[in-house]
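Not measured: the values here are computed from a predicted model.
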Amino acid sequence: QVQVVESGGGLVQAGGSLNLSCTVSGSTSAAHKTMGWFRQIPGRERRGVSCMHGDGVRTIYADSVKGRFRISRDMIKNTLYLQMSSLKPEDTGMYYCAFLYIGNRFRCESSSDYKYWGQGTQVTVSS
């Protein structure tokens with residue numbers, strides 16, 4: 001049984017920062033597995049924000065967050081992080097951690113590329 005748990009969301013003013021964490025536990029180790037962060041707002045499909053390849057080196061960022069967000073991971077702790085700075089109201093949404101890539105080429109676009117998901121953590125940026 002794999003569990004994916006996010007934390008770190010909250011309410012912040014525009015220009016502020018938040019740090020999200022995602023910890024994977026259970027029968028499958030997160031080490032060397034591709035993981036990512038997706039954002040969803042009501043009525044819209046889940047969209048990729050940032051993903052990190054299982055090699056711990058290759059990363060993908062959505063154009064809207066480049067230069068402001070940073071994805072990282074701790075292989076030993078089975079934890080993925082997302083450091084978010086210079087937050088904007090349009091960053092508001094439910095942030096989901098995605099674990100275990102089952103797609104073909106490495107990308108950060110479709111929620112169907114990942115097998116396991118967390119319950120989400122809400123990020124709200126006020127103007």
Please lay out, stage by stage, how T79 and T23 fare under the test side chain to side chain donor-acceptor pair (under 3.5 Å).
CA-CA 4 Å; T79 301; T23 300; 3.2 Å; yes
Would you say the side chain of V12 lies within less than 4.5 Å of the side chain of T124, judging by non-hydrogen atoms?
no
Here the gap from K88 atom NZ to S86 atom OG, rounded to the nearest 0.5 Å, amounts to 8.0 Å
So, does E6 use its side chain to make a donor-acceptor pair with the main chain of Q119 at under 3.5 Å?
yes
Rounded to the nearest 0.5 Å, how far apart are OG of S17 and CZ of R68?
10.0 Å
H32 side, atom NE2; M75 side, atom CE - distance, nearest 0.5 Å
5.0 Å
Using the rule that two of Ile, Leu, Val, Met, Phe, Trp, Tyr join whenever any of their side-chain heavy atoms come within less than 4.5 Å, decide whether Y96 and V49 are in one cluster.
no
Working to the nearest 0.5 Å, report the span between CE of M35 and NZ of K33.
10.5 Å
If we only count heavy atoms from C-beta on, is the M94 to I41 side-chain gap below 4.5 Å?
no
For a 4.5 angstrom cut-off between non-hydrogen side-chain atoms, does F99 reach C22?
no
Heavy-atom distance under 4.5 Å between the side chains of R70 and S72, does that happen here?
yes
Taking the ring of W37 and the ring of F69, is the distance between their centroids below 6.0 Å?
no
Of all the heavy-atom pairs spanning A14 and S127, show the shortest one and how long it is.
CB-CA, 4.3 Å
same_hphob_cluster(L20, V65) at 4.5 Å side-chain heavy-atom cutoff
yes
Compare every heavy atom of F106 with every heavy atom of H53, then report the nearest pair and how far apart it is.
N-CZ, 3.4 Å
A side-chain contact here means heavy atoms from C-beta on lying under 4.5 Å apart; do I102 and Y114 qualify?
no
Under the salt bridge (Lys or Arg N to Asp or Glu O under 4.0 Å) test, which residues partner R39, sequence neighbours left out?
D91
Under 3.5 Å donor-acceptor, Y61 side chain and I71 backbone:
yes
Does the ring of F38 carry R47 above it, NZ/CZ under 6.0 angstrom from centre and within 45° of its axis?
no
Closest non-hydrogen atom pair between T121 and G9, with its separation:
OG1-N, 3.0 Å
Is the shortest side-chain heavy-atom distance between R46 and W117 below 4.5 Å?
yes
Can you check side chain to side chain donor-acceptor pair (under 3.5 Å) on S85 and Q83, steps first, answer last?
CA-CA 7 Å; S85 60; Q83 296 174 279; over 6 Å; no
Let me confirm one number: the CD-CD distance from Q122 to Q40, rounded to the nearest 0.5 Å.
10.5 Å
Would you say that R58 contacts I60 through its side chain, given a criterion of any heavy-atom pair below 4.5 Å between the two side chains?
no
In terms of hydrophobic clusters joined by side-chain contacts under 4.5 Å, are L18 and Y95 together?
yes
Surrounding CG of D55 (heavy atoms of other residues, nucleotides or ligands, distance under 6.0 Å), is the total greater than 12?
yes
Quick one: are V123 and V125 in side-chain contact, heavy atoms under 4.5 Å?
yes
NZ of K66 to OG1 of T59: how many Å apart, nearest 0.5 Å?
9.5 Å
With a 6.0 Å cut-off (strictly less than), is the heavy-atom count around CD1 of I76, excluding the residue itself, greater than 12?
no
